[in-house]
Amino acid sequence: MAVHNADIASMFNRTADLLELQGANPFRIRAYRRAARTIADLPQSAARLVKSGADLSELPGIGDDLAGKIAGIVKTGRCPILGQLEKEFPAGLTELLNVGGLGPKRVMALHQSLGIDNIDDLRRAIRAGKIRTLKGFSEKIEQKILHALETRGTQEKRFKWIVADETARPLAAWLSAIEGVKKVVVAGSYRRMKDTVGDLDILVTCAKGSPVIDRFVKHEEVAEIVSRGATRATVLLRSGLQVDLRAVPDISYGAALYYFTGSKAHNVAVRALAVKRGLKINEYGVFKGDKRLAGRTEEEVFRQVGLPYIEPELRENRGEIEAARAGTLPRLVTVEDMRGDLHAHTKASDGRNSLSEMAAAARALGYEYLAITDHSRHLTIANGLDEKRLRKQCEDIDRLNDKLKGITLLKSCEVDILESGKLDLPDSILKELDLAVCSVHYKFDLPAARQTERIIRAMDNPYFNILAHPTGRLIGEREPYALEMERIVRAAKERGCLMEINAQPDRLDLNDIHCRMAKDAGVKLAISTDAHATGHLRYMTLGVAQARRGWLEAKDVVNTLALKALRQALKRK
DNA sequence: GCCGTTTTCGGCCCGACTGTTTTCAGTCG
């Protein structure tokens, strides 16, 4: 039985939950959570690292003890300390921690005084009016718990970045128009460009916060005010999206923006650095004793702790602080670096626009080239092209290229990778193309080893250039198919194949961690929009954002190259 | 439980809001 990184992370997180209930040392609890995150973020399989004899205690936040526990989990599939804790507490108790307003202390009070062991027990106790009788509780708290249970449940809901963006932009504009508001920025994971956003963290600067807060909580989209004070408020919008608004004076803008952008793990690590220098960082500034040293800009804050500016996309405590100290931060790729798009559809398969419309839209974005990649025949539902139709399209492209000015259409195809690992079109036509973009569109449920071998076999075809949406995930809808990504990346490197960052807002595939893994292995990437309409070409910003989160520089991304150099880079080994 | 350009022991980020409390604990981000 293979132990996945997610399994180990989940065991450590559950251990942390139970330790919280037990009232254990908070720093010990934090150590388990930190280790869980480190393992979850790890691009390689921890199980394979253990088996190869690697020293996991080299990883951040993992010492000898946890390295030993990881090795044990890999060998036995079990975590003894977790097993021990699970015997001490009823199985449903940790779920109560996910109810808003309930933390470890209150959960334990409910458990010990009323024998509440799970959500159902909790509901019954509320209905019976028992909770209000407990010391430290009240009727008000009882109703709050009930309300949280009914409106938010126990599952954290995350929104695709682009969905959050649809709310964030107009809300920020609305806030800007309030009298006295100077600056408005949407910070948090939205600013870090995470693929999904749990809530919106909006920062405003103004001389006096409370009038702004008062206006904010009366916004027509606000369904519920969760909390409201003089400098911050938390509301739930009708859409279910939570918005935290924080108001600070303009002089604290940089410090507050930095604090509110996070990530939490990044902030905690940088604040610890500050402590070592005898400084304190909070949302109002950087302080030495009572003396304020910085806070107007983020750059000032970084400077005080001896660091260069770190881009928001990197602030995940995944090594960026160490890189900043060492002066080895990457120069992240930007949208302006992009010279073309290598994955786009037309009406010939399932796109909405013609060749010439797509070409015009790409030229309007300042691109030098656009690869036309309609589907291949196997994808009948998308009206995929067979050899004959593709040949005809190639002729159309040649004719169009003769007429086009300022942009070149590349002859390509999104070729299905068949279950056997064969490509869906014969070499006789593939060799006519400028490049082949290849992808999996069916049989998602193969075991990891077979799915991996299927793709590697496809890469063995000398005309294979780019592996498109490599994991097949649809954010919030479909899990990635089981895959041994390390083997895929290695195979791509050996064969001179590239991997795609698909910029569709519901794909963003590869994700940030796999981007970094590919980069570290020396595999080049293509950031492609998979546009099915002219407007989709603009999704490039989302793909670039994932690339940036994956530490990619322009030199790692093949479609930052001019056309001639691109053709060279596409040549197989 | 981790970690070390103060430390192998003794620290571990920091503040806002809520509710029940007359000074703070619990929760959250």
Side-chain angles (χ1 to χ4, degrees), chain A residues 12 15-16 19-20 23-38 56-70 81 96-110 131-132 134-145 147-148 152 156 187-189 198-203 209-210 213 217 225-235 242-248 252 255-256 258-287 301 305-306 317 321 325:
Chain A
F12 283 172
T15 303
L19 285 171
E20 274 194 308
N25 177 350
F27 299 105
R28 187 176 167 218
I29 296 165
R30 185 200 286 178
Y32 275 96
R33 296 214 190 277
R34 168 122 203 257
R37 221 182 72 99
T38 295
L56 292 192
S57 71
E58 307 253 306
L59 295 171
I62 293 176
D64 289 342
D65 180 86
L66 286 173
K69 288 191 167 92
I70 293 166
I81 186 179
L96 296 178
L97 291 171
N98 299 331
V99 177
L102 288 186
K105 296 291 192 301
R106 284 177 180 162
V107 168
M108 282 313 285
L110 294 168
I131 287 180
R132 65 188 70 176
L134 283 185
K135 187 167 184 295
F137 288 76
S138 66
E139 188 174 347
K140 202 164 181 178
I141 289 180
E142 187 177 80
Q143 286 310 304
K144 276 195 97 145
I145 295 170
H147 185 70
R152 280 170 280 174
E156 187 201 28
S189 52
D199 56 18
L200 287 180
D201 299 306
I202 307 184
L203 172 69
S210 43
I213 302 281
V217 300
I225 302 170
V226 178
S227 77
R228 178 233 301 242
T231 69
R232 78 179 295 162
T234 299
V235 302
Q242 179 175 309
V243 184
D244 292 346
L245 183 73
R246 187 66 196 267
V248 300
S252 296
Y258 181 60
Y259 155 78
F260 227 24
T261 296
S263 68
K264 190 172 170 176
H266 170 93
N267 284 352
V268 166
V270 171
R271 284 177 177 184
L273 269 187
V275 169
K276 275 187 198 150
R277 296 180 155 230
L279 304 175
K280 181 176 75 170
I281 301 180
N282 60 27
E283 53 267 57
Y284 301 108
V286 182
F287 297 88
V301 174
V305 289
N317 198 22
I321 298 166
R325 293 175 86 170

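Small disclaimer: the values here were computed from a predicted structure and weren't measured. Naming convention: chains lettered A, B, ... in sequence-line order (proteins, then strands); numbering from 1 in each chain.
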Check: residues 263-273 of chain A side-chain donor-acceptor pairs under 3.5 Å, at least two apart:
from: A/Ser263; atom 1: OG; to: A/His266; atom 2: N; distance (Å): 3.2
from: A/Ser263; atom 1: OG; to: A/Arg315; atom 2: O; distance (Å): 3.1
from: A/His266; atom 1: ND1; to: A/Glu320; atom 2: OE2; distance (Å): 2.7
from: A/His266; atom 1: NE2; to: A/Tyr258; atom 2: OH; distance (Å): 2.7
from: A/Asn267; atom 1: ND2; to: A/Tyr259; atom 2: O; distance (Å): 2.9
from: A/Arg271; atom 1: NE; to: A/Ile281; atom 2: O; distance (Å): 3.3

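B/dG1 atom P lies 17 Å from atom CG of A/Leu56, rounded to whole Å. Whole-Å rounding puts the A/Tyr258 OH to B/dG29 P distance at 20 Å. Atom CG in A/Leu102 sits about 14 Å away from atom C1' in B/dG19, given to the nearest Å. The separation between A/Arg228 atom CZ and B/dG19 atom P is 12 Å, rounded to whole Å.
Distances shown here put a side-chain N or O of A/Thr231 below 4.0 Å from the OP1 or OP2 atom of B/dC17. Taking side-chain N and O atoms only, A/Tyr259 has no distance below 4.0 Å to OP1 or OP2 of B/dA16. Residue A/Gln242 places at least one side-chain N or O closer than 4.0 Å to OP1 or OP2 of B/dG29.
With sequence neighbours excluded, no residue forms a side-chain hydrogen bond (donor to acceptor under 3.5 Å, both in side chains) with A/Lys280. Under the side-chain hydrogen bond (donor to acceptor under 3.5 Å, both in side chains) criterion, A/Arg228 pairs with A/Asp214, sequence neighbours left out. With sequence neighbours excluded, the residues satisfying side-chain hydrogen bond (donor to acceptor under 3.5 Å, both in side chains) with A/Ser57 are A/Asp55. For A/Asp244, the side-chain hydrogen bond (donor to acceptor under 3.5 Å, both in side chains) partners are A/Thr234, A/Gln242, not counting sequence neighbours.
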Across nucleotides 4-13 of chain B, 5' to 3', mark each nucleotide with B, S or - according to how protein heavy atoms within less than 4.0 Å reach it. --B-----BB
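Taking atom C1' on both nucleotides, B/dT7 is separated from B/dC2 by 13 Å, rounded to a whole Å. With C1' as the reference atom, B/dT5 and B/dG1 are 23 Å apart, rounded to whole Å. Spacing of C1' atoms, B/dC28 relative to B/dC13, comes out at 14 Å, to the nearest Å. Comparing the C1' positions of B/dT23 and B/dG29 gives an interatomic distance of 24 Å, to the nearest angstrom.
Heavy atoms of A/Pro26 sit nowhere under 4.0 angstrom from any nucleic acid atom. Within the 4.0 angstrom heavy-atom criterion, no nucleotide atom of any strand lies near A/Lys135. Among the heavy atoms of the strands lying under 4.0 Å from A/Gly100 are primed sugar atoms or P, OP1, OP2 only; no base atom is included. If you check every strand for non-hydrogen atoms under 4.0 Å, A/Glu142 touches nothing.
Here A/Glu20 contributes atom CD and A/Arg30 contributes atom CZ; the two are 12.0 Å apart, rounded to the nearest 0.5 Å.
Taking for each of A/Thr234 and A/Gly61 the nucleotide of DNA chain B with the nearest heavy atom, the 5'-most of the two is the partner of A/Gly61.
Checking B/dC28 for Watson-Crick or G-U wobble geometry (two distances, each under 3.5 Å) identifies B/dG15 as its partner.
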